[in-house]
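Notes to accompany the following structure.
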Amino acid sequence: MHMADALINPAVGGTMWLVTAGLIAYCARKVKQTMNDRLVPMMGVLGAFIFAAMMINFSIPGTGSSGHLGGGLILTILLGPYAAFLVISSVLVVQAFFFADGGLLALGCNIFNLGFFPAFIAYPFIYRVIARDEYGTLRAWIAAIVAAVVGLQLGAFGVVLETKASGISELPFSAFVLLMQPIHLAIGIVEGLATAAVVAFVAHARPEALFPAQAVVEPRNSMRPVLIGLLIATVIVGGAASWFASTHPDGLEWSIAKVSGKEEVSGTEDNLHKGLGQLQEKTAFLPDYGFKSTETEAAPAEQTAAEPEQWPTISAGTSVSGIVGGLITLGLTVLIGFALKARRAGV
Amino acid sequence: MGLGQWLEIGRMDELGRLDTPAHRLDARAKVITTIVFIVVVMSFPRYEVSALTPFFLYPFALIALGRIPPGYILRKILLAAPFALVVGMFNPLLDHQVIASVGVWSISGGWLSFASIMLRFVLTVSAALTLIACTGIYRLGAGLERMCMPRVFVVQLLFLYRYLFVIVDEGARMMRSLELRSARPSSLRLRVYGSLVGHLLLRSMARADRVYRAMAARGFDGKIRALHRASFQWTDWAFTGGWTAFFAIARMWNLADALGRILAGGGS
Amino acid sequence: MSHHLVEVRDLHFAYPDGTDALKGVSFRITHGESVALVGANGAGKSTLLLHLNGYLTPTRGEIRIGETPLIRETAAAVRRAVGMVFQDPDDQLFMPTVFEDVAFGPLNAGLPPDEIEHRVVSALERVGMAHLRDRPPYKLSAGEKRAVAIATVLAMAPDVLVMDEPSSHLDPRGRRRLIELLKSFKHTKIIATHDLELVVELCSRVIVLDDGRVVAEGQAVELLNDETLMLAHGLERPHSLRHLHPH
Ligand SMILES: Nc1ncnc2c1ncn2[C@@H]1O[C@H](COP(=O)(O)OP(=O)(O)OP(=O)(O)O)[C@@H](O)[C@H]1O
Ligand SMILES: [Mg+2]
């Protein structure tokens, strides 16, 4: 689910870049504080391992298809959240540059979606809570599957939000959610199974190999700055960027116009620009949440009937999206609950 | 990921080591210029098509200066295209509003924005690919570090890169030995999978330990020290400044359109 | 202070998983000596070598390098005196170019830039690899890698050279070159190896390890020629010695 540059606007991409850069700086500081010299080569080699593991497939029972390890969760189990976040970032950097898998502008989004959620949400609040310190037991298997699913669901939802906030794709929010979440439910289960199987093997064959990670894991109350970071990121992206995107589909043009004092910088009066006014009306973000409610008015007639736009209002065609959306909301509330609980325990 | 893709990485690695005017530029100059390029390209309104075309000049120039085979870059772009294609394809399906016409044909906004997405996709991806092909990961890493990326991050990124082939090779060897012994090797049962990948993981961890040992034996104390520090030359300033100016101009005026008018005007 | 003396007394070591790898090893190696450490797979050779620069800490026993007892506080100084060449050069060559790899040690030692340059160039010249200085190490042949790995250690100007299986993965010509190269060093050398022909050519003394203990120690030619001893510890009498004492 690597996002491509072509689908996000600079405001969203830039914001996520800043958030991610901040997280990288924070994690790098944490890693340095561990004073564990061994960690740096271990991080690099495990990053390389993830690439190798992606080549090896297993058959998914009862489906006839196959899956492989994704990386985020197992890296966090092995290295702890801070080091793992850096490694996941590097894996994505290499994928972006060498495989053109996800773009540079989208890199911040991709790192956030695929790194932040498994390392700082799924691992501390789900995996550790369920698995405690067990490896290879039923608990641990369930923990891995649930954590992987939640991590990927959040990541996929991140993709939807960021794409939607960018306003480049026409795909309606609900349809996009409907497209992304179920696919990533399946991917999450596969990821969880693969992670649990590998961890179970290592725990059985060489349990001491799993211990170095423990030294790097910190008590959950130190997650507070991270959670605050998440909150800020959400507010910025969800609020400012989407407002930016919806009122000014073209962020830079808007700022150039401000600077140069002209409304229309390019000045050409061709058809493209005439469409712009209408266009600005159209790119509303989450219309039902009141950012802008012009979408249905501006939308051409043939569109309204077929489209499941009124999420979360459940119509016949959108009941599944309603369920998915409801589940996500539920998951988020649970997470916030966990966060608050951890916070209280920490103070 | 197939083995073919790994050979492709090897190719990219070779390209990154060439010595051409494009490679000699400071990594930071190329990184900054590429970022400006991508931001400007992505800042166009969604229906913009023609004004984007002048931006091809930048990747083309780097490809030429850096002596990079264009076919190679093109192939990689095609391989990466599906995601943008799939998401972008919805635009023509959902947006039927006619906003332009060429002769007798009327073009819907959906098709225009779809074309625009694909154009931006090719532009941004080719910029990223040429950046790495003209810089190489090591010079890029050094550049990033000097642009305030934390050193721990850069160092482990370079370690990742260094051991990529070594570990992937180890994985491929394990797969091969498994193939010799099993009937349907393409897909493993979860249990077998766990032990195979687990083995690979243990081997990787042992490798990391040995690498650390070798580093410690040569006085590594947690600090990675840099050897040479290249400085920003006037050519680097000129490169960054020149291209940024070009991007700004191409952003404000539709150069393709202007060219069309001049030609059409001259013709009639 | 001279570091050329290596003394190991009653060394015990167990890995975290409980494997007793060393069970009371003692020996003494003096200035300029060239000593081979031989023994079957799993005898404990690599484990022993890892103690010599403080990478592993003994559960019992003591190590002295020169007059310095090897403890946590002296480990950094000892690492400068004891140069380790590891079994797999890929583990030892982790920097982007050969030059940077060889410079890694001197840089950590805090040497001034021109001294570093000088050391790197002369180390590469000694192993005959000066022409490779700007190549990426992972694209070298096995023999070249080995030579560069040795150069990375030489650049630190160690007093004692410790090598684990230096001739593994080398073709006959590469192996021959390596032997000639090692012959030219005046360092104290400790070489763990299965290559007994190399021992015959390079080493004056042999220590035989079996199951974590020293089971024999003495003149190389004499020991290696003792067929019963060799066979008892999973080794064999080198061909080159056959003409000396035909049984
Ligand atoms: N990291 C480790 N954890 C646990 N046991 C280990 C580890 N490394 C080695 N051992 C065990 O310690 C013993 C000695 O191993 P060592 O590697 O020192 O033998 P060696 O003489 O170097 O063998 P070889 O000739 O195969 O290289 C063996 O029984 C081995 O299984
Ligand atoms: Mg060994």
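No hydrogens, no waters, no symmetry mates; every other heavy atom, side chains included, goes into these values. So you know, we letter chains A, B, ... as the sequences are listed, proteins then strands, and number each from 1.
- With a 4.5 angstrom heavy-atom cutoff, A:L69 touches chain B via backbone and side-chain atoms both.
- Interface residue A:V87: backbone and side-chain heavy atoms are both found under 4.5 Å from chain B.
- Between B:V197 and A:F201, every side-chain heavy-atom pair lies at or beyond the 4.5 Å cut-off.
- Contact of B:M89 with chain A is not made at all, since no heavy-atom distance falls under 4.5 Å.
- Taking CD1 from A:I56 and CE from B:M175, the interatomic distance works out to 5.5 Å, rounded to the nearest 0.5 Å.
- In this structure, the portions of A:A194 lying under 4.5 Å from any heavy atom of chain B include both its backbone and its side chain.
- No more than 12 heavy atoms of other residues, nucleotides or ligands lie within 6.0 Å of CZ in B:R191, so this atom counts as exposed by the packing criterion.
- Neither the backbone nor the side chain of B:L119 comes within less than 4.5 Å of any heavy atom in chain A.
- Residues B:M205 and A:L78 form a side-chain contact, since some pair of their non-hydrogen atoms from C-beta on lies under 4.5 Å apart.
- Side-chain atoms of B:Q156 and A:V40, non-hydrogen and from C-beta on, do get closer than 4.5 Å to each other.
- Here B:L200 is the residue among B:V166, B:V155, B:L200 with the most heavy-atom pairs under 4.5 Å with chain A.
- The choice from A:V91, A:T195, A:L105 that makes the most heavy-atom pairs within less than 4.5 Å of chain B is A:L105.
- The backbone N or O of B:Y212 lies less than 3.5 Å from no partner atom in the side chain of A:R38, so there is not a single donor-acceptor pair.
- Looking at B:L140, only its side chain comes within 4.5 Å of chain A, counting heavy atoms on both sides.
- For A:L46, the part sitting under 4.5 Å from any heavy atom of chain B is the side chain, from C-beta outward, and nothing else.
- Atom CH2 of B:W111 sits in a sparse spot, with 12 or fewer heavy atoms from other residues, nucleotides or ligands closer than 6.0 Å.
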